[in-house]
Asker: 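Here it is: the structure, laid out below.
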Amino acid sequence: MFLDLTQIRSAEEHVERVYQPEALAKPDDDYVIVEPVGLSFDVFKSGESYRVAGRVKTTLELTCSRCLDGFRLPVDGPFDVRFLPHSQNLGEGELEVEDEELDVGYFSDESIDLGQLVREQFYLAIPMKPLCREDCRGLCPVCGVNLNSETCSCRPKWEDPRLAPLEALIKPDKN
Ligand SMILES: [Zn+2]
Ligand SMILES: [Zn+2]
């Protein structure tokens, strides 16, 4: 999954690629790619650097952090990354990249790693705490049923033991 830069002969070129999920999947991913990954971008060549701007589209399957069910997350992520030759990232006195210029990548061997670009977009798209839906009710902490689809007769006590002394102060009759 590389973009061969020797094939980029003009100042601006449009590239369309479609990759099957297997081409991108890694065993330790915490998502599953369930649709082909569409990449559509423009490449702007300027001197030694290349600006790559476009979108990555697919659908990922994630695990809800509350109820542990799988759910699908459509991804349509825009990116705009400036790729510099890897040598510019080495040594002193070379071109320094400003901190605020976040979307900078490096390439070597005249090729850009599109797989890495796509995976970065996935990580940007995936929330810190993935939820199957905003109001997911999660699992019963007592019996473990999925409260989105089932009910149970447990009455979980949500009291925080650290608050018990406080409660005793509020309700002195409990002593
Ligand atoms: Zn859920
Ligand atoms: Zn229960």
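When a ligand or atom number is given, it counts from 1 through the structure's own listing order. As the structure is a computational prediction, the values presented were derived from the model and not from experiment.
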Asker: Is any protein N, O or S atom closer than 2.8 Å to the Zn ion (ligand 2), and if so, which?
Answerer: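 Protein N/O/S atoms under 2.8 Å of the Zn ion (ligand 2): Cys140 SG, Cys143 SG, Cys152 SG, Cys154 SG.
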Asker: Is there a donor-acceptor contact under 3.5 Å from the side chain of Asp4 to the main chain of Thr6?
Answerer: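 Yes: the side chain of Asp4 pairs with the backbone of Thr6.
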Asker: Under a 4.5 Å cut-off applied to non-hydrogen side-chain atoms, are Phe107 and Val52 in contact?
Answerer: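 No, their side chains stay 4.5 Å or more apart.
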Asker: Taking 4.0 angstrom as the limit, do Arg133 and Asp135 come out as a salt bridge?
Answerer: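 Judged by the 4.0 Å cut-off on N to carboxylate O distance, Arg133 and Asp135 do form a salt bridge.
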Asker: Between Ser65 and Pro130, is there a donor-acceptor pair closer than 3.5 Å when you use the side chain of the first and the backbone of the second?
Answerer: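 Yes, because the side chain of Ser65 sits within donor-acceptor range (under 3.5 Å) of the backbone of Pro130.
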Asker: Closest approach of Arg17 and Leu114, non-hydrogen atoms and distance?
Answerer: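 Between these two residues, the closest heavy atoms are NH1-CD1, 3.6 Å.
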Asker: Considering the options Leu117, Val37, Asp76, which one meets the side chain to side chain contact (heavy atoms under 4.5 Å, CB included) requirement together with Val56?
Answerer: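 The passing option is Val37.
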Asker: Counting N and O atoms only, with roles assigned by atom type, does the side chain of Thr58 sit under 3.5 Å from a partner on the main chain of Glu35, one being a donor and the other an acceptor?
Answerer: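 Looks like yes, one N/O pair under 3.5 Å.
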Asker: Excluding waters, which protein N, O or S atoms are within less than 2.8 Å of the Zn ion (ligand 1)?
Answerer: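 Counting only protein N, O or S atoms under 2.8 Å from the Zn ion (ligand 1), the list reads Cys64 SG, Cys67 SG, Cys132 SG, Cys136 SG.
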Asker: Taking all heavy atoms of Pro127 and all of Leu73, pick out the closest pair and write down the distance.
Answerer: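 Taking every non-hydrogen atom into account, CD-CD2, 4.4 Å.
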Asker: Donor-acceptor check, side chain of Asn146 to backbone of Asn148, threshold 3.5 angstrom: yes or no?
Answerer: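 Present.
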